[in-house]
Amino acid sequence: ANNMFGDYDIIETVGQGGMGIVYRAIDTSLGRDVALKVLKDDLRSHKAVVARLRREAQAYASLNHPNIVHIYSVGAIGGIPYIAMEMLDGDPLSKVMKRERRIPWERALALGEQIAEALGSAHEAQIIHRDIKPGNIIVTRDDHAYVTDFGIAKVLNAETQLTVDGSRLGTPQYMSPERCQNAEITFSSDLYSLGVLLFQMISGRLPYESNDTIDLIRKIVFDPPRRLSDFMPDIPEDVERLIAFLLEKKVQDRP
């Protein structure tokens, strides 16, 4: 059959990210559905990326948490690197937000709490996500949130991001001030990104907005963020305060 990739029977394409293509597949050796992430052509020749992908995926495979997408295996078939993961029946948060535009704060906090639990578990294992954004959160029909793609930003470090097509750099909207300044990334950088995510879920807007990337980075580094109540006047004060707390410029000022 032409749709076999090693032991994996590829059923359909379910998505494309900066790293590669994600397929729904059946692991014929175990008879289970998997999400198979296969590295893009243009990255396969980057030896450093392939080695780093393997290392990151192995570290992330050790995480076992109900709000983290589970990795089953990582390897290469015919020279093509892949990661086999738990297949979830859900949508990326980016799609949910597009569909609903605004999410009631109670529901947003319930999702946020699950993301925070996942991050807490990863941070205890000394793993920083580095790229918390709506596309990396999967939400199932019963509102169970899963975090995916840990450490991928580290795999695609500066050298590769510059040599591979620019779309991979993504948007700085969710980047912490320290990441915008190329300073050290800490566990707290993930919490900053979670703050942006909560702000956006609840208000349908972002704490900083600009069509110009350089201007956006300047705002994130220097300007005070907008308050949630600017857009949602009836938001409870402690919810606004929690999110403002996550969006503090200085790492030591965040929760």
Side-chain angles (χ1 to χ4, degrees), residues 1-65 67-92 94 118-119 121-122 125-138 146-171 174 179 185 190:
N2 61 349
N3 55 347
M4 289 302 287
F5 177 72
D7 281 338
Y8 299 100
D9 185 2
I10 292 176
I11 310 296
E12 60 179 343
T13 306
V14 287
Q16 263 186 320
M19 292 291 295
I21 304 173
V22 183
Y23 301 100
R24 178 193 291 271
I26 295 167
D27 177 347
T28 54
S29 64
L30 292 167
R32 70 175 164 196
D33 271 14
V34 299
L36 196 66
K37 181 172 275 203
V38 175
L39 201 61
K40 270 188 185 162
D41 303 1
D42 61 352
L43 286 174
R44 287 174 205 163
S45 55
H46 283 275
K47 293 276 185 289
V49 173
V50 174
R52 210 179 287 129
L53 177 71
R54 193 177 197 121
R55 215 168 40 238
E56 285 297 316
Q58 280 165 341
Y60 158 32
S62 68
L63 296 175
N64 195 355
H65 191 274
N67 298 106
I68 294 176
V69 177
H70 208 77
I71 285 192
Y72 298 135
S73 69
V74 50
I77 294 171
I80 301 173
Y82 74 91
I83 301 175
M85 300 175 291
E86 171 181 18
M87 184 76 215
L88 296 168
D89 188 18
D91 283 327
S94 46
L119 290 174
S121 168
Q126 304 301 304
I127 292 172
I128 304 174
H129 187 289
R130 296 168 183 267
D131 197 19
I132 289 291
K133 62 183 181 192
N136 285 337
I137 313 292
I138 312 274
Y146 291 86
V147 181
T148 187
D149 277 359
F150 277 80
I152 295 301
K154 193 171 165 190
V155 174
L156 294 172
N157 71 347
E159 56 180 300
T160 351
Q161 284 183 331
L162 299 176
T163 52
V164 191
D165 66 79
S167 69
R168 210 167 264 120
L169 267 168
T171 162
Y174 305 95
R179 185 164 166 214
I185 308 281
D190 283 345

Checklist entry - Does a side-chain heavy-atom distance below 4.5 Å link Val147 with His65? => result no

Checklist entry - Where do Gly135 and Pro92 come nearest, in terms of heavy atoms and distance? => result O-CB, 4.2 Å

Checklist entry - Going by heavy atoms in the side chains, are Leu88 and Thr148 under 4.5 Å from each other? => result no

Checklist entry - Which atom names give the shortest non-hydrogen contact between Phe5 and Ile80, and what distance separates them? => result CZ-O, 3.8 Å

Checklist entry - Which residues satisfy the side chain to side chain contact (heavy atoms under 4.5 Å, CB included) test with Ile71, sequence neighbours excluded? => result Ala57, Tyr60, Ala61, Ile83, Met85

Item to check | Gap between atom CZ of Arg179 and atom CZ of Arg130 - 0.5 Å precision | outcome: 8.5 Å

Checklist outcome for this item: What one should report as the nearest heavy-atom pair of Val14 and Met87 is CG1-CE, 4.2 Å

Next on the checklist: To check you understand the geometry: which heavy-atom pair defines the closest contact between Ser121 and Leu63, and what is its length?
Outcome noted: O-CD2, 4.3 Å

Checklist entry - Can you find a heavy atom in the side chain of Phe150 that is under 4.5 Å from one in the side chain of Ile68? => result yes

Item to check | Any side-chain heavy-atom pair of Asp149 and Asp131 under 4.5 Å | outcome: no

Checklist entry - Does any non-hydrogen side-chain atom of Val34 lie less than 4.5 Å from one of Ile26? => result no

Checklist outcome for this item: Closest heavy-atom pair, Val22 versus Ala35, reported as atoms and distance to 0.1 Å, is CG1-CB, 4.2 Å

Checklist entry - side chain to side chain donor-acceptor pair (under 3.5 Å): which pairs involve residues 75-85, sequence neighbours left out? => result none

Checklist entry - Checking Asn3 side chain against Ile10 main chain: does a donor-acceptor pair fall under 3.5 Å? => result yes

Checklist entry - How far does CG of Asp27 sit from CG of Leu36, to the nearest 0.5 angstrom? => result 9.0 Å

Item to check | salt bridge (Lys or Arg N to Asp or Glu O under 4.0 Å) pairs, two or more places apart, involving residues 72-89 | outcome: Asp89-Arg141

Item to check | side chain to side chain contact (heavy atoms under 4.5 Å, CB included) involving Pro81 - partner list, sequence neighbours excluded | outcome: Leu39, Arg44, Val50, Leu53

Checklist entry - With Tyr8, which residues qualify under side chain to side chain donor-acceptor pair (under 3.5 Å), at least two apart? => result Ser73

Next on the checklist: Please enumerate all residues that pass side chain to side chain contact (heavy atoms under 4.5 Å, CB included) together with Thr13, with sequence neighbours excluded.
Outcome noted: Ile21, Tyr23

Item to check | Side chains of Met4 and Ile77 in contact at under 4.5 Å (non-hydrogen atoms) | outcome: no

